Amino acid sequence: MKPTDIPTRERIVTAASKLFYSAGIRAVSVDAVAEKAGLTKRTLYYHFASKDELIAAYLDGRDQPNLALFQRWFAEAEGGPAEKVAAIFTNLARAARQPKWKGCGFLRTAAELADMPGHPAIKTGIAHKKRVEGWLRDVLAEAGAASPEMLARQIVLLLDGAFAVVLLNRDASYMETAGAAASTLVKAALSAR
């Protein structure tokens, strides 16, 4: 498929995603996104009223694929719920060992927009993190874990904390350590039922 066969809006979001994830949202200009998409800036603004709208679309495009990836890693892992939760962290550690890994796009964007809590991208990031937490709550409740809401929140905190520490230290073993802690929490919640 030639680039011109891809719908224009999708080309713009794809270009923005690559640039925003690799360099950060503030470092990337609308001109750079338009150039990477092979379009004029005017065409980009025809599809997106502002850079802020484009940033939100970038994160929105990451939402379902990221959640689906976590769900697939969980489903494909052998063992019970504790091992399946740990598998998410193991797979994230594997990804973090790749040279192009830059951490969680949602958290990095939130850090860049920390002074703009009402920004559309912040709202998109909040919704994504809530979906991940809700999915974890549901699978843990189905497994019979005690206090699945609290357990899901603890796992999300371990995930996001590990993203931050791994990005800071460039040491993926922190992700594996967080996975071991999550596994311990899940085992304790299952034995408490």
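Note that the structure is a prediction, hence the values are computed from the model and not measured.
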Quick check: do [X] and [Y] have side-chain heavy atoms less than 4.5 Å from each other?
{"X": "Y174", "Y": "L168", "result": "no"}
{"X": "S191", "Y": "K187", "result": "no"}
{"X": "V85", "Y": "V139", "result": "no"}
{"X": "R153", "Y": "R137", "result": "no"}
{"X": "V165", "Y": "M175", "result": "no"}
{"X": "F48", "Y": "V13", "result": "yes"}

**Listed once per pair and sorted, the salt bridge (charged side-chain N to carboxylate O under 4.0 Å, His left out) pairs that draw on residues 20-36, sequence neighbours left out** = R26-D115, D31-K41

**Request:** Just do the side chain to side chain contact (heavy atoms under 4.5 Å, CB included) check on L158 and F89 with the steps written out, would you?
**Result:** CA-CA 9 Å; L158 286 167; F89 289 85; 4.1 Å; yes

Can you tell me if [X] uses its side chain to pair, donor with acceptor, with the backbone of [Y] under 3.5 Å?
{"X": "T124", "Y": "P120", "value": "yes"}
{"X": "R11", "Y": "A37", "value": "yes"}
{"X": "S147", "Y": "M150", "value": "no"}
{"X": "Y21", "Y": "G103", "value": "yes"}
{"X": "D60", "Y": "A56", "value": "no"}
{"X": "E83", "Y": "G80", "value": "yes"}
{"X": "K84", "Y": "E78", "value": "no"}
{"X": "D171", "Y": "S173", "value": "yes"}
{"X": "R9", "Y": "H47", "value": "yes"}

**Asked** So F163 and W101, would you call those rings parallel, tilted or perpendicular, with 30° and 60° as cut-offs?
**Response** parallel

**Parallel, tilted or perpendicular, as decided by the 30° and 60° cut-offs, for the rings of F74 and W135** = perpendicular

**Message:** Would you say CZ of R97 has more than 12 non-hydrogen atoms from neighbouring residues, nucleotides or ligands within 6.0 angstrom?
**Reply:** yes

**Request:** Evaluate whether atom NZ of K129 has more than 12 neighbouring non-hydrogen atoms of other residues, nucleotides or ligands under 6.0 angstrom away.
**Result:** yes

Tell me the closest heavy-atom pair linking [X] and [Y], and the distance in Å.
{"X": "G179", "Y": "A86", "result": "O-CB, 3.9 Å"}
{"X": "A172", "Y": "A93", "result": "CB-O, 3.5 Å"}
{"X": "L190", "Y": "P81", "result": "CD1-CG, 4.0 Å"}
{"X": "A34", "Y": "L44", "result": "N-CD1, 3.9 Å"}
{"X": "P117", "Y": "I122", "result": "O-CG2, 3.5 Å"}

**Request:** Take I155 and L140, measure what side chain to side chain contact (heavy atoms under 4.5 Å, CB included) needs, and give me the verdict at the end.
**Result:** CA-CA 11 Å; I155 293 169; L140 294 167; 3.8 Å; yes

Quick one: [atom1] on [X] to [atom2] on [Y], what's the gap to the nearest 0.5 Å?
{"X": "Q71", "Y": "E76", "atom1": "CD", "atom2": "CD", "value": "12.0 Å"}
{"X": "I12", "Y": "L54", "atom1": "CD1", "atom2": "CG", "value": "7.5 Å"}
{"X": "I25", "Y": "L113", "atom1": "CD1", "atom2": "CG", "value": "3.5 Å"}
{"X": "E149", "Y": "L136", "atom1": "CD", "atom2": "CG", "value": "12.0 Å"}
{"X": "L59", "Y": "K123", "atom1": "CG", "atom2": "NZ", "value": "14.0 Å"}
{"X": "K51", "Y": "Y45", "atom1": "NZ", "atom2": "OH", "value": "8.5 Å"}

Hphob cluster co-occupancy, [X] + [Y], side-chain heavy atoms under 4.5 angstrom:
{"X": "L157", "Y": "L167", "value": "no"}
{"X": "L69", "Y": "F106", "value": "yes"}
{"X": "M116", "Y": "Y58", "value": "yes"}
{"X": "I126", "Y": "V132", "value": "yes"}

**Request:** Starting from the C-alpha separation in whole Å, work towards a yes-or-no answer on side chain to side chain contact (heavy atoms under 4.5 Å, CB included) for D138 and E142.
**Result:** CA-CA 6 Å; D138 293 347; E142 186 178 312; over 6 Å; no

**Derivation of the side chain to side chain contact (heavy atoms under 4.5 Å, CB included) call for R94 and N91** = CA-CA 5 Å; R94 187 175 302 117; N91 281 289; 2.6 Å; yes

**Request:** Ignoring hydrogens and angles, state whether a donor on the side chain of T43 or T40 is under 3.5 Å from an acceptor on the partner side chain.
**Result:** yes

